[in-house]
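Working notes for the structure below.
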2 protein chains.
Amino acid sequence: MTTLFDTTTVPAVNVTAGTGPLVIGLDIALVTSGVAGPGWANHFRTTGLAGEDRLQHIVDTAAGYYRNADLVLIEGAAYSMAKQVGHDEMSAARWMIRCDLRRRRIPFAVVTPDSRTIYATGRARWKDEETGKKLTPRQVKGKVRDEAARRYGIVFDGTARFDQADAYVLMAMGMDWLGYSLAEVPKTHSRALKGVAWPTQTVAVAR
Amino acid sequence: MTTLFDTTTVPAVNVTAGTGPLVIGLDIALVTSGVAGPGWANHFRTTGLAGEDRLQHIVDTAAGYYRNADLVLIEGAAYSMAKQVGHDEMSAARWMIRCDLRRRRIPFAVVTPDSRTIYATGRARWKDEETGKKLTPRQVKGKVRDEAARRYGIVFDGTARFDQADAYVLMAMGMDWLGYSLAEVPKTHSRALKGVAWPTQTVAVAR
DNA sequence: CTGCATTAACTACTGC
DNA sequence: GCAGTAGTATTCGGTC
DNA sequence: GACCGAATCCAAGTAG
DNA sequence: CTACTTGGTAATGCAG
């Protein structure tokens, strides 16, 4: 676990770790994936693996986290990813997890990258305030991480900081949707919740 | 089973049904998939299903066929399919089957559409002999089916005839590679075998 | 119901 | 408020 | 070992 | 023989 509570600046958030429903956020990728639950964020890698081995490892590891979850949020594919390196293997990773979740009867929602960014930062496409040029994906990721860190008082550190922050935001969205929001978020941000394909089946926790 | 031996024109082929190794050919798609083994071809649909249910059904049904196989051949994705309807779901279907095969320790090979076409017809890209225009994918599929039907004496009929023929060709390639070729094929055709990513692990049947 | 030809995503943001 | 338009992510390899 | 930047598939056919 | 160029699929909707 590379992420800890930020003990220097304790924000006004409802720390529900262990008390509320167990919601898991997943930011799945081929080499570095992020996972988060209420109050914590983590990540795992697939160094040295490839092909079927790599996929299997991703599913197994992720499953270890969401095994007892009440709700899982997984980031959906971005259209721009098509025709690019490893895109089909990644589609597979995500669908395999979805199938596994279905088999386990764990309710899950697929969140688009846009929705995630909006929930975290209030806007999907950012431009530099000075130059007016659109921010690189990298810079946007940074924004997401910063906002999440500030709002939830979590320190996202290390190489996988973006992936962990992503996962955390996803998880926070799920908590919010269930009525256990981890922090107050402006309407500009929370509007992203209605863009999500929420599960129709009843979630174990009353909303 | 919609396909039968053609009893009117019995060709000079080695009918090894039940005697040689069990090789299975798979032509996986989202709605209609083809499956074939030595001497037979079949297909299955996923009508009424979608998403995780559909994927699960594809994997389960395919597994029912290759459960006891010594070798499985599966058609690989075409690059041109990227960015098109359902491409990610299809990638997932194929990868899920590959993972399942790995789990079951069943050796498998991934065959590109080109290799399959070459093994069946001797050439990957066909032009009309008169007009000189390239044949439509449909026409090429027809050629594959016709050649396969003639060479192996199998009747591929019904809506799924192309898918079944594809699967049969894949299976035939596997049998050939194992030394149990189902029919004599010209060098122009068999050259396709070296373009295939054959499994490195030992196949249960001696070559 | 079968066969062939066509066309291929989604949404936030911007400007009217 | 509505219609049109454009944006979209990750891996791998080399570098520090 | 982490960070930054660039490219992003594969092979059959065909021409030289 | 080598180097370069190009091609590649499948679900859906309508017609027969």
Side-chain angles (χ1 to χ4, degrees), chain A residues 27-33 45-47 50 54 75-91 93-94 110 112-118 121-127 134-141 157-163 166 188 191-192 194-197, chain B residues 27-33 45-47 50 54 75-91 93-94 110-118 121-127 134-142 157-163 166 188 191-192 194-197:
Chain A
D27 178 32
I28 298 299
L30 290 181
V31 295
T32 307
S33 299
R45 289 180 207 280
T46 57
T47 317
R54 178 156 66 171
E75 191 172 315
Y79 186 70
S80 65
M81 198 184 57
K83 267 200 171 191
Q84 285 163 26
V85 181
H87 72 95
D88 63 315
E89 212 174 326
M90 236 186 48
S91 295
R94 291 177 165 140
V110 179
T112 65
D114 272 4
S115 293
R116 176 214 58 188
T117 305
I118 292 172
T121 71
R123 189 170 298 183
R125 299 185 207 155
W126 284 88
K127 285 185 264 189
K134 69 177 161 64
L135 295 185
T136 67
R138 188 129 194 133
Q139 291 171 305
V140 175
K141 284 209 130 188
D157 233 334
T159 305
R161 54 186 179 274
F162 299 123
D163 309 279
D166 279 2
T188 44
R191 73 190 158 112
K194 61 178 166 20
V196 175
Chain B
D27 178 32
I28 297 299
L30 289 181
V31 296
T32 306
S33 298
R45 291 179 206 279
T46 55
T47 317
R54 179 156 66 172
E75 192 172 315
Y79 184 70
S80 65
M81 200 183 57
K83 268 199 170 191
Q84 284 163 26
V85 182
H87 77 283
D88 62 316
E89 211 174 326
M90 235 186 49
S91 295
R94 290 177 166 139
V110 179
V111 180
T112 65
D114 272 4
S115 293
R116 176 213 57 189
T117 305
I118 293 172
T121 71
R123 188 170 299 183
R125 300 185 208 155
W126 285 88
K127 287 185 262 189
K134 69 176 163 64
L135 295 185
T136 67
R138 187 117 193 146
Q139 291 171 307
V140 175
K141 284 209 130 188
D157 233 334
T159 306
R161 56 185 178 270
F162 299 123
D163 309 280
D166 279 0
T188 44
R191 74 191 159 112
K194 62 177 167 19
V196 175

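Lettering of chains follows the sequences in order, A, B, ..., and the numbering in each one begins at 1.
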When rounded to the nearest Å, what value does the distance between [atom1] atoms of [N] and [M] take?
N       : M       : atom1 : result
dA8(C)  : dT5(D)  : P     : 16 Å
dA15(E) : dA6(D)  : C1'   : 40 Å
dT8(D)  : dA12(E) : P     : 36 Å
dC14(F) : dA9(C)  : P     : 16 Å
dG15(C) : dG8(F)  : C1'   : 40 Å

Where the side chain of [X] is defined as all heavy atoms beyond and including C-beta, which of [options] is the nearest nucleotide?
X       : options                   : answer
R94(A)  : dT10(D), dA10(F), dC12(D) : dT10(D)
M90(B)  : dT11(D), dT2(C), dA10(F)  : dA10(F)
R138(B) : dC3(E), dT9(F), dC4(C)    : dC4(C)
P137(A) : dG8(F), dA9(D), dG3(C)    : dA9(D)

Side chain to side chain donor-acceptor pair (under 3.5 Å) partners of T159(A), counting only residues at least two apart | none

Side chain to side chain donor-acceptor pair (under 3.5 Å) with T117(A): which residues, sequence neighbours excluded?
-> none

Distance, nearest 0.5 Å, that separates CG of D27(A) from CZ of R94(A) | 7.0 Å

d([atom1], [X]; [atom2], [N]) in whole Å:
X       : N      : atom1 : atom2 : answer
D166(B) : dG8(F) : CG    : C1'   : 14 Å
L135(B) : dG8(F) : CG    : C1'   : 14 Å
H87(A)  : dT8(D) : NE2   : P     : 19 Å
Q139(A) : dA9(D) : CD    : P     : 13 Å
F162(A) : dA2(E) : CZ    : C1'   : 12 Å
D163(A) : dA9(D) : CG    : P     : 13 Å

Work out which heavy atom in H87(B) is nearest to a heavy atom in A82(A); give both atom names and the distance.
-> NE2-CB, 4.0 Å

Do you know the tightest heavy-atom contact between S91(B) and D88(A)?
-> OG-CB, 3.1 Å

Could you tell me whether the phosphate oxygens of dG3(C), OP1 or OP2, come under 4.0 Å of any side-chain nitrogen or oxygen in R161(B)?
-> yes

Does some side-chain heavy atom of K141(B) sit less than 4.5 Å from a side-chain heavy atom of D163(B)?
-> yes

Answer whether the closest heavy-atom distance between the side chains of R54(B) and V31(B) falls below 4.5 Å.
-> yes

Review item, nucleotides 9-16 of chain C N/O atoms under 3.5 Å of protein N/O:
| unit_1 | atom_1 | unit_2 | atom_2 | d |
| --- | --- | --- | --- | --- |
| dT11(C) | O2 | R125(A) | NH2 | 3.4 |
| dA12(C) | N3 | R125(A) | NH2 | 3.2 |
| dC13(C) | OP1 | A124(A) | N | 2.6 |
| dC13(C) | OP1 | R125(A) | N | 3.4 |
| dC13(C) | OP2 | R191(A) | NH1 | 3.4 |
| dC13(C) | OP2 | R191(A) | NH2 | 3.1 |
| dT14(C) | OP1 | K127(A) | NZ | 3.4 |

When all nucleic acid strands are considered with a 4.0 Å heavy-atom cut-off, which category describes R116(A): base, sugar-phosphate, or nothing?
-> nothing

